Amino acid sequence: MQAQWLALSMLAVLAGALFSGLPVAVVLIGVGFLFAGAGILVGALRATDLGAIYFRVYGSLTDSDDILYATVPLLVFMGAMLQKTGAGEDLLLGIRGALRRLPGALPIAVILVGAALAPAAGVIAASVGALALLAFPVMLRQSYRPDQAAGVICAAGTLGVVVPPGIMLFFVADSIGVQIPALFLGMLGPLALLLAGYLAFAAFAVRTAAPIDSAPMQEQGPPVFSRLVLPIALLAAMLGSVAFGWATLSESAALGAAGAVAIAALQRRLTLRTLDEAIRDTLLTTAMVFFIFIGAQVFSLVFRLLGGGEMIVGAFRGLQLDSTGVLCTMLAVVFVLGFFFDWVEIVLITFPVLRAVLDGLDFGSHVAVAHLAPYWAAVLLALNLQTSFLTPPFGYALLLARGAAPPGVSLGQIYRGVLPYVLIQLLVIVAVVVFPSIATWLPSQAFDLAPTRIEKFKD
Amino acid sequence: MNALERAIAAISLWIARIAIPLMIALGAWLVFGRHLRMGPEADAKEAIGLAFFLLLMGSFGYAYLRDAHVRVDSASRHFSAWARAAIELVGCIAVLMPLCAMLIWHGGDAALRSLEQGERLTVSDLPLQWLVRLAVPGGALLLLGAAACVAARCLRVLRNREP
């Protein structure tokens with residue numbers, strides 16, 4: 001019992017210490033060390049248990065049968081190359097040019113670019129920040145109201161994290177213990193609904209204050225084929241190669257990275273400097289994500305040794321809710337966390353703890369086949385997290401957009417602009433809750449999901 | 001300390017400049033090689049895994065020097081420079097340095113035993129598993145160096161400014 005109180009205190013101390021401004025990974029490791037020491041003092045742990053930290057880190061990152069984690073730097077490199085070579089901006093201007101006769105061409109272009117640049121959306125801060133810098137000036141110049149521009153930009157910026165093969169989905173699947181390619185496919189149904197809602201709103205409700213300028217905004221740079229078709233074909237080829245079983249996830253990411261280099265070469269934008277900058281960005285982003293992963297390993301090891309896992313499961317049982325009630329409570333917890341933290345912290349720290357609770361739930365009467373329930377839950381958690389980033393007053397993406405917006409755009413305007421998109425998000429989440437097959441039908445058709453669990457972690 | 005910072009950056013970047021293109025080339029080759037039956041698939045997979053692990057272990061110190069690790073700074077950005085430096089120094093001395101010491105101790109021991117026992121790589125069967133194990137203490141050493149550099153920066157701030 002004393003040990004479980006220590007585990008509970010761990011969560012409280014972590015919540016406070018995160019705001020110290022130290023790197024999140026350092027906080028996780030520090031809190032882990034502190035409570036490991038306390039556990040040794042009260043006799044709940046032995047000093048030799050701490051030796052497991054090395055084996056846990058080494059074992060989980062060098063699984064010779066499974067090179068899934070190698071996918072992360074490859075995807076980040078692809079995103080960095082597309083960004084460094086100006087492919088993102090090309091895509092925005094190219095789509096806008098191609099759709100210029102349609103209402104809402106520019107907002108639609110912003111949404112599609114947000115979705116298409118999914119692999120670059122390593123972290124919310126990067127995707128919303130980059131899109132805001134790219135699209136805010138263009139939209140304001142085209143006489144869109146600041147609130148409308150902000151709404152589109154925030155929605156499109158967060159969309160990237162739930163579009164396959166986004167890195168967040170990779171870690172959501174890993175933390176919940178479902179097959180990654182199947183989760184990618186599971187996201188497509190809800191995404192189609194989200195995109196349809198976003199695009200319809202952008203086309204019919206987002207209007208410029210002045211007549212739409214139908215002239216192409218920029219005719220310099222590579223031709224339309226190169227600026228539009230190649231990046232989209234690259235992303236489609238990556239998804240297709242995994243879905244049809246031609247390549248594993250890491251191989252598909254390697255193809256994507258090689259394709260990004262090839263596109264840059266075709267567009268005559270490949271220089272040693274660009275390549276080196278992309279490698280440098282990849283190194284830093286990979287280090288950032290995996291240092292938190294290691295911190296979470298240390299924290300969760302001590303937390304579990306102190307009996308924290310059983311305590312969380314017991315607390316959820318104590319609520320005396322049915323499985324749907326417990327899932328809704330979990331969604332609410334994740335939603336609130338999304339106000340304050342980027343997905344990296346939430347997915348790597350919280351999801352492994354929640355997984356123990358998820359494993360005990362039974363959705364047999366609601367989800368057609370029991371082994372599809374974790375996919376349904378993973379899709380819901382991902383969508384819920386994305387919605388949280390968008391929701392006023394604390395939505396993480398909104399504060400980031402404010403930081404990257406031109407002077408004169410207020411937080412109030414951003415809140416107003418984003419509300420319709422939050423409503424669309426909530427409608428899609430309700431649809432997926434009520435009709436789980438939106439998330440489970442496609443993966444169940446494409447993959448044999450009976451052995452659902454990937455037992456990745458070696459102790 | 002500047003020389004140490006430059007050395008850490010150079011080591012990390014050169015590992016990345018070799019590992020990332022290697023992973024891309026091998027990963028892409030695996031797809032085509034499988035269909036054209038061009039060679040031993042498992043060896044390439046193992047090489048990708050090893051390149052990734054080396055990349056990772058070499059990256060943490062450099063990222064810490066470049067301040068690339070995620071921080072929740074909504075409260076701390078209002079702190080004085082002195083307070084931020086003091087907190088960072090505590091993080092370096094009380095958390096990072098003990099972590100590095102632990103990884104160097106256990107990782108070095110594991111690498112040494114692997115070398116003595118001639119432990120082999122799982123797929124290619126080469127007696128080089130000790131090199132992989134050595135990446136952990138090697139990476140921890142780079143991180144320890146980075147922590148020392150950051151601690152020195154913090155000390156300079158603490159010495160020069162009043163709280």
Side-chain angles (χ1 to χ4, degrees), chain A residues 18-27 29-30 33 50-51 53-55 57-58 61-67 69-70 72-74 77 123 125 241 246-248 250-255 257-258 261 276 278-280 282-288 290-292 294 298 340-342 344-345 399, chain B residues 12-13 15-17 19-21 23-31 35 45-46 48-53 55-60 62-64 66 68-77 79 84 87-88 90-92 94-96 98-99 102-103 105-107 110 121-123 132-133 136:
Chain A
L18 279 173
F19 291 94
S20 66
L22 280 170
V24 171
V26 174
V27 172
I29 295 165
F33 280 174
L50 290 180
I53 289 173
Y54 162 75
F55 295 102
V57 170
Y58 181 80
L61 292 174
T62 57
D63 189 339
S64 57
D65 298 328
D66 195 337
I67 51 170
Y69 291 138
V72 174
L74 295 170
F77 177 82
V123 286
S241 65
W246 297 330
T248 64
S250 52
E251 291 164 6
S252 142
L255 280 179
V261 175
D276 204 49
I279 286 176
R280 201 178 289 245
T282 305
L283 181 68
L284 292 175
T285 306
T286 307
M288 179 269 287
F290 280 96
F291 201 33
I292 295 181
I294 288 177
V298 175
F340 306 103
F341 305 113
D342 206 330
V344 186
E345 296 95 311
L399 304 177
Chain B
S12 301
L13 284 171
I15 291 174
R17 284 171 188 144
I20 292 173
M23 288 162 67
I24 294 171
L26 286 173
W29 178 82
L30 269 172
V31 181
H35 293 291
K45 278 189 175 171
E46 184 169 60
I48 293 174
L50 298 183
F52 165 70
F53 190 59
L55 171 78
L56 203 59
M57 285 297 139
S59 67
F60 298 133
Y62 176 63
Y64 189 50
R66 294 284 305 267
H69 291 303
V70 179
R71 298 166 188 264
V72 179
D73 62 353
S74 48
S76 65
R77 65 171 168 238
F79 298 169
R84 283 202 301 269
I87 290 170
E88 194 72 39
V90 171
C92 283
V95 181
L96 279 179
L99 173 76
M102 182 183 287
L103 292 179
W105 175 260
H106 287 289
L121 292 171
T122 317
V123 178
V132 184
R133 292 193 181 276
V136 177

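A quick note: this is a predicted structure, and the numbers were derived from the prediction, not measured. Letters go in sequence order (proteins before strands), and every chain restarts at 1.
Looking at Arg133(B), both its backbone and its side chain come within 4.5 Å of chain A, counting heavy atoms on both sides. In this structure, no portion of Val90(B) lies under 4.5 Å from any heavy atom of chain A. Within the 4.5 angstrom heavy-atom criterion, only side-chain atoms of Leu96(B), from C-beta onward, approach chain A. Both the backbone and the side chain of Phe291(A) come within less than 4.5 Å of a heavy atom in chain B. For Met102(B), the part lying near chain A is the side chain, with the backbone staying farther off; criterion is any non-hydrogen pair under 4.5 Å. For Leu55(B), the parts lying under 4.5 angstrom from a heavy atom of chain A are both the backbone and the side chain. Ile292(A) touches chain B through its side chain: at least one heavy atom from C-beta onward sits under 4.5 Å away, while N, CA, C and O do not. When heavy atoms are compared at a cutoff of 4.5 Å, Phe33(A) approaches chain B solely by way of its side chain, counted from C-beta outward.
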| said: Evaluate Ser12(B) against Leu283(A) for side chain to side chain contact (heavy atoms under 4.5 Å, CB included), listing each step before the verdict. | reply: CA-CA 8 Å; Ser12(B) 301; Leu283(A) 181 68; 4.1 Å; yes
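By the ring pair (Phe, Tyr, Trp, His ring centres under 6.0 Å) test, Phe53(B) is found to be paired with Tyr58(A), residues two or more places apart in sequence or in another chain being considered. With sequence neighbours excluded, no residue forms a salt bridge (charged side-chain N to carboxylate O under 4.0 Å, His left out) with Arg84(B).
For the set Ile53(A), Val72(A), Asp276(A), the entry with the most heavy-atom pairs within less than 4.5 Å of chain B is Asp276(A). Each of Ala25(A), Pro23(A), Pro73(A), Ala254(A) has some count of heavy-atom pairs under 4.5 Å with chain B, and the biggest count is that of Pro23(A). In terms of non-hydrogen atom pairs under 4.5 Å with chain B, the most contact-rich of Ala287(A), Ala253(A), Ala257(A) is Ala287(A). The most heavy-atom pairs under 4.5 Å with chain A, out of Val136(B), Ile15(B), Leu56(B), Leu26(B), come from Leu56(B). In terms of non-hydrogen atom pairs under 4.5 Å with chain B, the most contact-rich of Thr286(A), Leu74(A), Val261(A) is Leu74(A).
Between atom OG of residue Ser250(A) and atom NZ of residue Lys45(B) there is a gap of 7.0 Å, rounded to the nearest 0.5 Å.
Across all their heavy atoms, Val31(B) and Glu251(A) have their closest contact at CG2-CB, 3.5 Å. The minimum heavy-atom distance between Glu88(B) and Leu22(A), with the atom names listed, is CA-CD2, 3.7 Å. Residues Val95(B) and Ile29(A) come closest through the heavy atom pair CG1-CG2, 3.7 Å. Residue Phe290(A) comes nearest to Phe52(B) through the heavy atom pair CZ-CZ, 3.7 Å, listed as atom of the first residue, atom of the second, then distance. The heavy-atom pair separating Ser76(B) from Ser20(A) by the smallest distance is CB-O, 3.5 Å. Considering all non-hydrogen atoms of both residues, Met288(A) and His69(B) come closest at CA-ND1, 3.7 Å.
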